Amino acid sequence: MSALMDVRDLAVHFPTRGGVAKALDGVTLDWRRGEILGVVGESGCGKSTLARAMLGLVPAAAGTVATDGAEVHGRAALRALRRNVQMIFQDPYQTLNPRRRVSDIVAEALVVAGVPRAEHAARVERALDEVGMAPERFMRRYPHELSGGQRQRVAIAATLVLEPAGIICDEPVSMLDVSVRSQILHVLLELQRARELALLFITHDLSLAWQLCDRIAVMYLGRIVEQGDARDVIERPGHPYTQALVDAVPPRKQRTPLGGELPDAANLPAGCRFHPRCPQRFEPCDHEDPPLFRAGQPGHEAACLLLKP
Amino acid sequence: MSALLEVSGLTVRHRGNAIVDGVDLTLAPGEALGLAGESGCGKSTTALSLMKLLPAALVQEGAIALHPPGEETINIDRRTERGMQLVRWRHVSLVFQGAMNALDPVQRVERQIASAIRLHEPRAKAADVKARILQLLGTVGLPARVGRSYAHQLSGGQRQRVMIALALACRPSLVIADEPTTALDVVMQAQILELLERLRAELGLALILISHDLSVLAETCDRIAVMYAGRIVETGPVGAVFSAPQHPYTKRLLDSLPVIGGSRALAVPIPGGPPDPADAPPGCSFRPRCPYAAERCERRPALREVATERSAACHFAPWERWPEPIVVAEEPG
């Protein structure tokens, strides 16, 4: 499988009162065509910033983003990338324009992309059909007339009209109820299969990542600390942080949760950035910053000094 | 053991439509009861009505009796607003869903806790109140300096801990926590659940934990009650409900939970959404979404005992085994 997107040493810095916050601090990641890739971590770990930086929605301080092997430089390349890789967000109540009808919301991307008007109606109907929203019933409605799940379906339909190769989904179901959540996941998975879409799934819920993803990348304080085959990473974590995330999924078997909170990204700990909270830290952890080491299966790697050969 | 809380026939109406419809609950001292269900099923309304905190447009009926250990019974349903002020925080506390927004943004944390204490103990000495606040912050695992902070200076997890400290300030025997971890990520959620468990053990608190997330309730509660469209459709000990649900709604909810190490196949989703209380179907309210619905479901099933300590509101309960669900016509929820 070729890489839909290739991210190399990507860094994003935000100025804060306490200094420069390194929201992304050198992330390297490949997202293959047709693949469901999970990006998991706590709030504030940089997973949403990564998604935004991949589409050039926040400026990168360093590093490169490539699509289909070509580095993305300049406005034209960025526009082409954003056509080909779309994004849906967590809150279906805030992402849809309340003053526009469903048909206009879904058609918006076609307008922006300059698709001839004559094609709009058919493409909008097809996209709504694909997400299970009967066009004749929903086209004329406004967002306030829809439930949360229906809104998220509309948001998905709006990404489909340009027939993208990939969709970045930023916590797309975390605000939805359990029964609606599984409906939306079905929609996404069916699309993924039918259109051979690549999905990049951002979530803090490892049980969801386990169920959906082919591969996952675990982020902590702006870095990827572990990545590999989803089952391999979750069933045999190489990094104590991943283990803590697995243990935190309710109902918990391991009783003691990971203590503390994410440190300030403007004031990163020396050495391994996880060492102040790590239950397994040892002598070198407070001064040696670990790169990714091989952990088990090929392609499975973790940034922990316990794995240093 | 005698009950701490007895609720019978609790009904809440909005313009004549029942949003909570004949809810019966009992809770023993020190027991943790989980109230599960999706948005709009009436679980938060139930919580608010136990504290008589409903907005004026909602009318509540039904008996609510609280028996605080060593004190006289309090008939909450008959209390006036003034009378309720002596009950709230002192006997029953509520940890709100939006902990982020429930704290006063312009008062330091210690002042907010102090005002809760002073409301019930107006003659408490300043030094004693101060000592209590420090002790409370310690109990919920916060450093003393948090007392001098404002809400915006705290993280989501810290604010939720402050809310819990506030709830404990007047040593109530019952704490109701409405989605206390919903806005938090998994690590913070695990910390808060751990804290609630520890407080229960140390203070002998009874707890009503409200959540849409059955797996959160599974690890924290002794018993759970599943609500659907304003009614309790199933109750029982948490382990028994999880291993052998007795209502199709509970069964389908459990099937849709991803379990690490379990099947990776997505369960068939429950079609559609819950009914609008103004337009509820006659008979079983889950009928339009139920793969097992039959003619008799047009009559409303009562919540009845189907096994030891187990009740379900389904004509077909007890369910020995669950047949493969028949796919109901898909309607986007």
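Convention: sequence-line order gives letters A, B, ...; per-chain numbering from 1. Source: prediction; values computed, not measured.
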*B:R264 side chain to A:L212 backbone, donor-acceptor under 3.5 Å*: no

*How about A:R141: does its CZ atom have over 12 heavy atoms from other parts shown lying under 6.0 Å from it?*
yes

*Please determine, among A:R181, A:M175, A:R231, A:E235, the option with the most heavy-atom pairs under 4.5 Å with chain B.*
A:R231

*Would you find a donor on one side and an acceptor on the other, under 3.5 Å apart, between the side chain of B:E219 and the backbone of A:R252?*
yes

*asked:* Atom CZ of residue position B:R198 - does it have more than 12 heavy atoms of other residues, nucleotides or ligands inside 6.0 Å?
replied: yes

*Using non-hydrogen atoms only, which part of A:L258 is less than 4.5 Å away from chain B: side chain, backbone, both, or neither?*
both

*Could you pull out all residues at least two apart from A:F201 that satisfy ring-ring contact (aromatic ring centres under 6.0 Å, His included)?*
none

*Residues in side chain to side chain contact (heavy atoms under 4.5 Å, CB included) with A:S48, at least two apart?*
A:D170

_Heavy-atom pairs under 4.5 Å with chain A, option from B:G141, B:G262, B:A218 with the top count_ = B:G262

*To the nearest 0.5 angstrom, please state how far the NE2 atom of A:H186 sits from the CG atom of B:L266.*
4.5 Å

_From A:L262 atom CG to B:D185 atom CG, the distance as rounded to the nearest 0.5 Å_ = 7.5 Å

*Which of residues 35-45 of chain B have a heavy atom under 4.5 Å from any heavy atom of chain A?*
B:E38, B:S39

*Heavy-atom distances under 4.5 Å only: say whether B:T182 touches chain A with side chain, backbone, both or neither.*
neither

*For A:P257 against B:A190, the heavy-atom pair lying closest together*: CB-CB, 3.7 Å

*Using modelled atom types only, decide if a donor and an acceptor are shared between the side chain of B:Q191 and the backbone of A:G260 within a distance under 3.5 Å.*
yes

*State, to 0.1 Å, how close B:A265 and A:Q211 come at their nearest heavy-atom pair, and which atoms those are.*
O-NE2, 3.4 Å

*asked:* Please classify the contact of A:L189 with chain B as side chain, backbone, both or neither, using a heavy-atom distance under 4.5 Å.
replied: side chain

*Could you check if a side-chain atom of B:I260 sits within less than 4.5 angstrom of a side-chain atom of A:V249, using non-hydrogen atoms only?*
yes

*For A:S207 against B:P258, the heavy-atom pair lying closest together*: O-CB, 3.5 Å

_Among residues at least two apart in sequence or on other chains, which ones pass side chain to side chain contact (heavy atoms under 4.5 Å, CB included) with B:D276?_
B:A278, B:D279

*For the residue pair A:S179 and B:R289, what are the closest heavy atoms and their distance?*
OG-NH2, 3.1 Å

_Top contributor to chain B contacts, counting heavy-atom pairs under 4.5 Å, from A:S43, A:S174, A:A209_ = A:S43

*asked:* Using heavy-atom distances under 4.5 Å, tell me whether B:L193 contacts chain A through its side chain, its backbone, both, or neither.
replied: both

*Would you confirm whether A:H204, through its side chain, and B:V187, through its main-chain N or O, come within 3.5 Å as a donor-acceptor pair?*
no

*State, with a plain yes or no, whether a side-chain heavy atom of B:D213 is found less than 4.5 Å away from one of A:V178.*
no

*At their closest point, which heavy atom of B:P271 faces which heavy atom of A:Q183, and how far apart are they?*
C-NE2, 3.5 Å

_Taking atom CD as the centre, does A:E196 end up with more than 12 heavy-atom neighbours from other residues, nucleotides or ligands that are less than 6.0 angstrom away?_
no

